[in-house]
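Below: the structure, in structure tokens.
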Amino acid sequence: MAEEKKKKAAGSVVITVERCKGCGFCVEFCPPHALKLSDQYNVKGYHPPALISREMCNGCNMCGMLCPDFAIYGFLQNKKSGKGSDRER
Amino acid sequence: MAEEKKKKAAGSVVITVERCKGCGFCVEFCPPHALKLSDQYNVKGYHPPALISREMCNGCNMCGMLCPDFAIYGFLQNKKSGKGSDRER
Amino acid sequence: MNADPAGVLTGAHFIDGDHACCEGAIAAGCRFVAGYPITPSTEVVERIAERFPRVGGVFIQMEDEIASSIAIQGAVWAGKKAMTVTSGPGFSLMMEHVGFAAMTETPCVFVNVQRAGPSTGLPTQPAQGDMMQARWGSHGDYQAIAVCPNSPQECFDLTIKAFNLSEQYRVPVFLMMDECVGHMTERVLIPPAEEISLVPRRWFLGSPENYEPFRAGPDMVPQMVKAGDGFHIHVTGLTHDERGYPNMSVPAQEKLVQRLHDKITKHSATIADYVEDQVEGADIVVVTYGITSRTALPAIERARKEGLKVGHLRLVVVWPFPEHRIRELASRISAFVVPEMNMGQVVLEVERCSAGKVPATLVGHTGGTVHVPEDIYQGIVNSRKGR
Amino acid sequence: MNADPAGVLTGAHFIDGDHACCEGAIAAGCRFVAGYPITPSTEVVERIAERFPRVGGVFIQMEDEIASSIAIQGAVWAGKKAMTVTSGPGFSLMMEHVGFAAMTETPCVFVNVQRAGPSTGLPTQPAQGDMMQARWGSHGDYQAIAVCPNSPQECFDLTIKAFNLSEQYRVPVFLMMDECVGHMTERVLIPPAEEISLVPRRWFLGSPENYEPFRAGPDMVPQMVKAGDGFHIHVTGLTHDERGYPNMSVPAQEKLVQRLHDKITKHSATIADYVEDQVEGADIVVVTYGITSRTALPAIERARKEGLKVGHLRLVVVWPFPEHRIRELASRISAFVVPEMNMGQVVLEVERCSAGKVPATLVGHTGGTVHVPEDIYQGIVNSRKGR
Amino acid sequence: MAEELYELDENLPVNPVESLLRMDRMPHIWCPGCGIGTTVNCFAQALESSGLDLRKTAIVSGIGCTGRVAGYLNLDSFHTTHGRAIPFATGLKLANPELKVVVYSGDGDLSAIGGNHFIHAARRNMDVTVILINNSTYGMTGGQVAPTTPMTAVASTTPYGNFESAFNLPALAESCGAVYVARWTAFHVRHTTKAIKEALLKKGFSFVEILAPCPTLYSRRNKLGDGLAQMVYYRENSEIRHGADTKDVALEFQGKIIVGKFVDRVRPTFGEAMDRYLRERLGADYLPATAGGA
Amino acid sequence: MAEELYELDENLPVNPVESLLRMDRMPHIWCPGCGIGTTVNCFAQALESSGLDLRKTAIVSGIGCTGRVAGYLNLDSFHTTHGRAIPFATGLKLANPELKVVVYSGDGDLSAIGGNHFIHAARRNMDVTVILINNSTYGMTGGQVAPTTPMTAVASTTPYGNFESAFNLPALAESCGAVYVARWTAFHVRHTTKAIKEALLKKGFSFVEILAPCPTLYSRRNKLGDGLAQMVYYRENSEIRHGADTKDVALEFQGKIIVGKFVDRVRPTFGEAMDRYLRERLGADYLPATAGGA
Amino acid sequence: MARTEIKIGGFGGQGVILSGYIIGRAASIYDNKFATMIQAFGPEARGSACSAQVIVAEDPIAYPYITSPTQMVLMSQEAFSRFSPELAEGGLLITEEDLVTVRNLRPGIRHLSIPATRIAEELGKRMVLNIVMMGFYGAVAGVTSKEALRKAVEVSVPKGTEALNLSAFEKGWTFAGR
Amino acid sequence: MARTEIKIGGFGGQGVILSGYIIGRAASIYDNKFATMIQAFGPEARGSACSAQVIVAEDPIAYPYITSPTQMVLMSQEAFSRFSPELAEGGLLITEEDLVTVRNLRPGIRHLSIPATRIAEELGKRMVLNIVMMGFYGAVAGVTSKEALRKAVEVSVPKGTEALNLSAFEKGWTFAGR
Ligand SMILES: Cc1ncc(C[n+]2csc(CCOP(=O)(O)OP(=O)(O)O)c2C)c(N)n1
Ligand SMILES: Cc1ncc(C[n+]2csc(CCOP(=O)(O)OP(=O)(O)O)c2C)c(N)n1
Ligand code: SF4
Ligand code: SF4
Ligand code: SF4
Ligand code: SF4
Ligand code: SF4
Ligand code: SF4
Ligand SMILES: [Mg+2]
Ligand SMILES: [Mg+2]
């Protein structure tokens with residue numbers, strides 16, 4: 001618990017659900033395993049990813065770098081503005 | 001003198017004078033330096049080679065191997081038949 | 001000579017034109033194919049790759065089309081029947097070797113499954129835009145033969161014909177397919193091997209002393225030998241004499257190049273292959289080749305129903321062009337209509353040969369799809385109005 | 001716009017056609033040449049290699065003709081005028097990139113110093129056997145322009161013209177020389193730079209937001225920008241829309257390819273360039289291009305002396321073909337005679353356009369040398385007899 | 001506070017690579033699990049961080065699935081003919097030395113039909129960066145054998161297994177004179193990004209080979225699973241060996257993958273040598289090329 | 001006895017290489033002092049002593065001065081198009097595996113326009129012997145720069161000196177997979193003969209580079225004297241280093257010339273691998289190609 | 001019926017082309033009619049919409065493209081929205097029940113649907129949904145004989161999967177009889 | 001003379017082409033006439049026979065090849081045997097005295113010879129034999145003015161060798177006056 005407090009970087013992701021083709025790269029290689037494939041389908045019939053829990057994401061954007069469809073982007077949260085979300089676009 | 005006697009291989013060359021283009025390869029690289037460029041011209045205007053002296057040739061055919069115009073051929077003399085010559089063809 | 005039964009898949013098949021072309025080649029005795037993948041022709045070589053090891057053939061995917069188009073010629077001189085397969089961009093790259101085949105009288109087949117150009121264009125959509133290229137694409141004067149199938153069945157049949165013509169006249173022969181025919185699946189009946197007649201290579205059977213590789217008899221086509229038989233032949237793309245030796249003189253050029261020309265033009269009546277339907281007594285003749293010979297049919301029928309006297313002249317062999325027949329018809333009919341999936345290529349020849357006697361109307365388009373029958377119908381109707 | 005004086009060797013020179021072509025290119029503003037040696041064209045690039053470093057040009061000898069013919073197009077998109085130089089076998093290898101230039105509307109010049117073919121043929125001897133290849137050598141439908149000089153002076157003048165036409169219409173332009181013209185040395189007068197008018201690139205001068213690289217105005221030729229100017233253009237050999245983006249649809253193909261066609265054919269009257277001598281009132285018209293426009297002169301004079309009414313129509317621009325003028329003449333004269341250093345290429349177009357009204361007689365040969373005037377004279381005389 | 005995060009925000013952060021892409025052309029044509037898109041992220045990040053002027057950066061592709069990259073990048077971009085991206089890039093670069101020219105294309109495009117241009121550009125040390133996506137096959141045309149397909153692998157034109165050795169591309173590039181040679185995989189996004197950045201900033205012929213999955217036509221046909229399975233394979237079987245002798249980095253069917261930066265050396269580029277020699281020989285008479293001019 | 005020798009003798013011995021040449025085509029077109037003819041002697045001797053069946057030996061050339069070799073050899077001989085001897089040879093060999101196929105051509109032909117075929121044939125380990133005459137230039141067309149012209153040398157298209165590095169051809173061949181790689185010069189007639197013989201008897205892609213003078217268009221233009229001067233240069237500046245690392249054998253303008261046998265290794269040829277895999281996969285269904293058939 | 005024009009649509013992986021092939025093969029090889037099959041082809045086809053056209057006729061088929069389809073088998077929503085408007089008046093429309101929501105159908109269309117995916121899944125292999133579809137299609141469309149279609153299925157599916165596919169076929173056929 | 005057709009023949013290295021170039025340049029650039037020069041070209045030219053054709057005329061030259069040469073400058077035996085039969089009746093033949101043995105000359109030919117090689121050797125450079133020839137030719141042929149020919153020599157020879165070449169030219173010219 002104490003450790004978690006130390007974690008300065010809090011991150012989140014933006015997922016453009018309709019671009020996702022469900023390849024699973026983001027889920028598999030998210031360093032803290034913060035993502036899962038959602039149960040829902042997008043219009044193309046793929047399961048896009050979703051954050052398992054916000055707290056797990058460190059905003060490293062490994063997911064974004066790996067995503068071949070430019071469908072996800074991880075970022076460091078700016079707590080002041082609160083900008084950023086794992087909401088879909 | 002004694003050494004010369006030991007030299008078993010006696011050779012000679014056939015020169016097809018009209019094929020020669022006077023490049024000098026045969027003369028320059030004949031191991032015992034047995035050739036010289038003759039003073040005469042062939043019809044193409046080149047100086048073909050000639051044996052300086054029969055005795056010097058050992059029939060190694062280095063000249064023939066080097067000649068880019070297939071104009072000279074060195075061979076081991078068959079003393080019995082006396083076949084072979086540095087005569088021109 | 002008949003086909004080798006080992007290679008002939010006798011029976012009824014439901015396959016596309018690309019696959020049928022492959023089977024035609026195998027039936028024709030082709031045992032060497034070099035190719036480089038390109039849509040929409042790749043299925044031909046994919047099937048070749050699968051089938052060849054079972055019939056004694058060698059397939060190699062080369063590094064490019066240039067290599068493919070010369071590798072087949074090496075194989076021909078080693079005694080094989082050989083072909084390469086491509087589409088527009090690859091065909092453009094093969095042009096130097098079309099000329100080499102013509103000059104060295106190397107029988108071989110080039111398959112071009114035409115797609116819409118120019119350049120990369122529409123890689124997966126049909127056109128007939130390479131017809132003039134098949135006639136004029138390599139530098140210098142030469143003659144070749146081009147054959148145009150309109151169905152998977154014909155992809156089979158005409159591939160065999162292409163090989164036969166190629167062996168008969170020792171020229172490169174072009175099988176000018178198009179994406180529509182190549183990717184269309186229909187019933188293909190492959191006859192028993194003994195019903196498939198093949199033109200064997202025109203082998204010279206005498207001894208080396210009596211052989212001059214490029215001396216031709218009265219039919220202007222020299223006899224061939226292959227590498228490895230002790231003839232010690234020489235083959236060059238330079239102008240050469242009967243022995244095959246380079247000869248840089250105008251008379252040598254005249255003798256050789258004139259013969260290469262004549263061996264096709266003087267046999268053009270024999271090579272000609274066209275199908276006529278109600279041409280006798282026709283007022284308008286629709287000239288088609290390849291897939292347009294089918295897409296034009298609804299239009300022709302409709303026009304006939306409406307009382308027009310429409311004949312249909314379908315060219316199976318487009319090059320050499322059947323000049324004679326067009327000239328004959330021109331003096332008897334009142335119009336030619338030429339649907340082409342291009343902006344006007346073969347129509348130029350129809351126009352030339354009709355010598356102003358009758359108009360030759362193009363029904364063309366820029367490619368990417370087959371004709372709408374309505375357009376051809378309008379072409380027929382307008383050709384009457386034009387008068 | 002006038003030529004840059006820095007590149008113009010104003011004065012009288014005694015140089016051959018290959019060298020004159022080099023000077024013409026420099027005067028025309030060409031500052032990038034990529035080439036690959038081939039007889040009889042190599043002297044052009046040899047002189048370029050020597051001259052370019054003094055005029056701000058870059059020459060590179062590429063690994064082959066394929067590379068050369070696309071490297072120049074890269075240079076054009078970087079803002080340069082560019083050309084490549086070759087002869088038959090190399091020209092055949094360039095065919096894919098002729099189509100790319102046509103499709104991407106890349107202005108550039110291809111020089112072909114023709115030698116006798118087919119294949120390697122007679123590398124050091126003249127012919128005009130690649131004329132139809134210049135029209136039809138690449139796959140798919142496209143239009144290009146071909147210009148034929150008959151002297152070193154014209155190798156200079158028409159190289160400039162080739163660049164100008166290329167910039168005006170954004171098409172590949174072929175300068176179709178031949179070995180005779182290329183290796184013939186004569187006086188070449190290079191005018192002062194201010195007397196040389198150039199067509200500058202048709203630059204787009206607005207801002208990126210308002211720019212669509214392949215949207216054309218009424219003259220059907222879009223304006224260009226170059227790489228590095230912040231427009232972030234996209235150029236593709238695929239069928240594309242006005243933004244330059246691939247669009248694999250039939251309407252996109254129709255729109256694009258039809259425009260590429262029309263921008264030349266609809267301007268063909270403007271592009272046409274021919275020289276007439278005693279054509280008015282002529283009975284027989286000799287149609288020539290390139291060196292035949294000179295070798296035919298003794299024959300024409302002789303025939304005239306003997307009382308024949310012989311006109312001379314010399315095509316400076318062969319493609320697009322001056323259909324209209326031939327059609328006009330066909331209805332007024334009694335015969336065309338077409339001397340060509342090939343087995344009949346341009347004569348086919350003359351025949352087509354004369355529409356059976358008058359015969360078009362070829363005086364051809366297989367290449368390797370220029371015509372004997374006697375042959376052309378006989379052609380003229382026989383054309384009368386033919387009637 | 002948690003709530004804050006979930007407030008709908010019109011100004012959601014946008015993936016910065018998007019500004020380098022032609023988003024109006026999305027979705028792209030690549031299959032699910034295709035690795036090409038991943039490499040594009042690396043390229044975009046590398047370019048961004050390189051500090052290069054995006055106005056002066058041009059990208060050239062040949063034909064193929066990878067060949068489509070040029071068309072998705074918001075740069076001056078050229079989708080040329082199959083195999084000819086390098087000579088086109090050569091013309092572009094020599095005609096305007098101010099441009100940074102990147103060639104981005106497929107293994108088949110650059111090493112089969114385009115192999116000659118590859119070796120000659122490396123020999124000349126032409127100042128271009130070549131990014132080659134090695135997916136072991138010709139994706140665009142349906143999965144034929146490529147010069148990079150490992151021995152024994154099945155492809156549509158080698159239905160009984162491939163019987164040609166694959167090129168060892170880093171060794172080939174080095175033997176011809178490339179000044180920068182690296183290999184990574186689509187899994188190694190950070191390393192790849194760094195390598196591309198280094199290559200972009202290197203003068204001369206720099207070469208980055210990136211292994212990427214083609215699930216549709218290579219992995220599935222070879223029973224290697226989907227794109228993700230290939231990526232996992234990369235993670236588990238790659239060995240980073242900077243400075244490895246390129247003779248030792250040949251790839252084998254499902255063998256170990258040696259990745260890393262293999263070559264980083266200096267020699268004059270074509271343009272530099274040209275300028276130096278011409279200046280030496282011609283002195284003031286030498287007029288170097290400048291941008292534009294038509 | 002001396003007299004004997006000078007007797008006119010109708011049966012003067014004939015140079016045995018003549019039986020391998022088309023003497024009816026002599027004189028050949030090569031210039032005085034051109035080294036190509038010398039290499040032909042080596043080839044003829046090597047072929048003779050190899051014991052290969054001359055009926056089953058075919059020679060393929062491209063275009064160039066060296067390209068004329070095919071036409072002078074009394075074998076099945078093919079003078080193809082510029083740069084394409086190797087793919088022609090590939091077709092010849094695969095269509096009749098009984099043939100021994102030799103490619104004999106120029107440096108420009110094989111490494112400029114033909115470079116791609118060279119690297120791919122080496123990669124495939126196509127069973128052909130490639131003899132490349134490196135005269136540092138394009139002789140036939142008048143002495144233009146070649147990919148083998150050393151930096152700084154003058155050529156007709158590099159009047160101010162060449163600013164491209166030359167290929168290190170042995171390194172290129174090795175990196176692509178050639179199984180036999182040697183370099184000699186026209187001066188080293190015995191070594192060259194031996195190397196050609198070894199190459200002829202080797203299975204797979206064997207490569208012999210032979211440096212030879214082109215006095216007319218290379219040596220004179222570079223003030224290096226005539227053919228003989230070049231031959232003397234070879235004698236004095238060559239160093240035999242068998243097994244040298246090919247990375248170390250690059251040539252420089254009038255620099256030291258490392259000669260020797262650099263590579264001699266075994267790997268399956270294209271044909272062998274094809275036969276093995278197809279037999280494995282197809283068993284009795286596999287029907288290997290045989291000679292003839294048309 | 002002289003000429004039946006059939007369009008089959010869906011997305012990649014559903015076996016659309018194979019379905020077209022099976023109908024064509026059944027008609028032309030086993031029923032001795034004439035059939036022409038054309039597949040939509042293009043880099044765009046990758047992963048997204050996918051279709052096949054089949055013409056079955058008593059006489060040789062001249063024009064090889066369908067101009068006014070009289071039968072459609074559609075297995076995705078996208079295929080439905082793209083293709084269904086082209087269906088000829090009085091035509092037959094077959095859809096995958098769970099994947100296609102049928103809306104705005106013109107009157108005069110005979111519409112039938114089948115949960116082919118579900119049935120396939122029940123059989124243990126989602127992949128055979130197209131064969132279920134073929135069974136259903138065969139039973140309701142009347143273009144080919146049952147024997148012909150069965151045979152075509154049998155020889156067109158991958159070796160070793162014949163039994164599974166034939167039972168999928170039967171499931172589809174009997175579903176139609178419900 | 002409306003049209004003079006000149007053939008120059010010899011072997012490679014004798015400067016045959018340069019001779020043709022000099023005549024052509026003199027006529028067309030300095031004498032303001034028209035001149036066309038064509039060189040025989042071919043792989044065969046290598047080392048063996050070599051020739052140039054020059055036409056000099058008052059009017060523009062249409063047909064660029066010579067058809068009936070009226071002047072010949074021949075510097076080798078091979079050139080003599082190959083070309084001399086083509087010389088027009090009444091033509092001028094100039095040969096290199098030591099290299100060409102003139103035989104079987106048709107009557108009506110004006111034949112002159114000069115030991116140009118020897119003269120060149122006396123000047124210390126065998127290479128300038130062609131310029132000696134040009135001086136002689138200029139003096140006897142009357143096709144170009146002396147000034148024009150001199151000027152053409154001056155600008156056509158390699159930089160730095162002008163003086164030597166001009167004195168060779170003069171030697172040839174004065175030899176004719178002997
Ligand atoms: C001259 C030519 N030949 C062949 C083709 C067909 N073609 C298009 S892409 C391609 C191969 C692409 O493979 P690769 O470069 O590996 O790219 P990938 O699709 O795997 O990314 C081929 C052969 C073509 N367009 N042009
Ligand atoms: C396609 C094509 N391009 C160019 C040429 C012209 N060409 C003939 S030989 C040659 C170069 C020969 O050089 P190399 O191979 O080194 O042979 P060498 O003459 O030096 O022995 C060239 C460029 C040609 N014949 N064909
Ligand atoms: S930003 Fe990093 S931690 Fe967050 S989901 Fe993406 S990969 Fe996982
Ligand atoms: S990496 Fe991208 S495409 Fe793949 S599952 Fe994640 S978001 Fe979807
Ligand atoms: S055979 Fe040998 S020794 Fe005799 S001349 Fe020739 S090289 Fe000299
Ligand atoms: S090597 Fe041959 S060509 Fe050269 S000088 Fe000797 S004989 Fe003559
Ligand atoms: S075919 Fe392969 S390389 Fe092409 S997009 Fe699909 S997965 Fe990628
Ligand atoms: S030009 Fe050079 S390579 Fe060619 S024959 Fe002459 S010396 Fe030999
Ligand atoms: Mg690939
Ligand atoms: Mg060379």
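Quick caveat, the model's predicted, so the values are computed rather than measured. Throughout, a chain's letter reflects where its sequence line sits, starting with A, and its residues are numbered from 1.
- By the 4.5 Å heavy-atom criterion applied to side chains, C/M184 and C/P152 are counted as neighbours.
- C/F174 and C/F91 have perpendicular rings, their planes meeting at more than 60° on a 0 to 90° scale where under 30° would count as parallel.
- Closest approach of G/M75 and G/N130 over heavy atoms only: CE-CB, 4.3 Å.
- Contacts of C/I291 with chain G are made by side-chain atoms alone, with heavy-atom separations under 4.5 Å and no backbone atom involved.
- Remark: of the listed residues C/R294, C/R314, C/H312, C/H312 is the sole one forming a side chain to side chain donor-acceptor pair (under 3.5 Å) with C/T288.
- If you measure heavy-atom distances from G/I61 to chain C, the contacts under 4.5 Å come from both the backbone and the side chain.
- Ranked by heavy-atom pairs under 4.5 Å with chain G, the first of C/R187, C/E301, C/E186 is C/R187.
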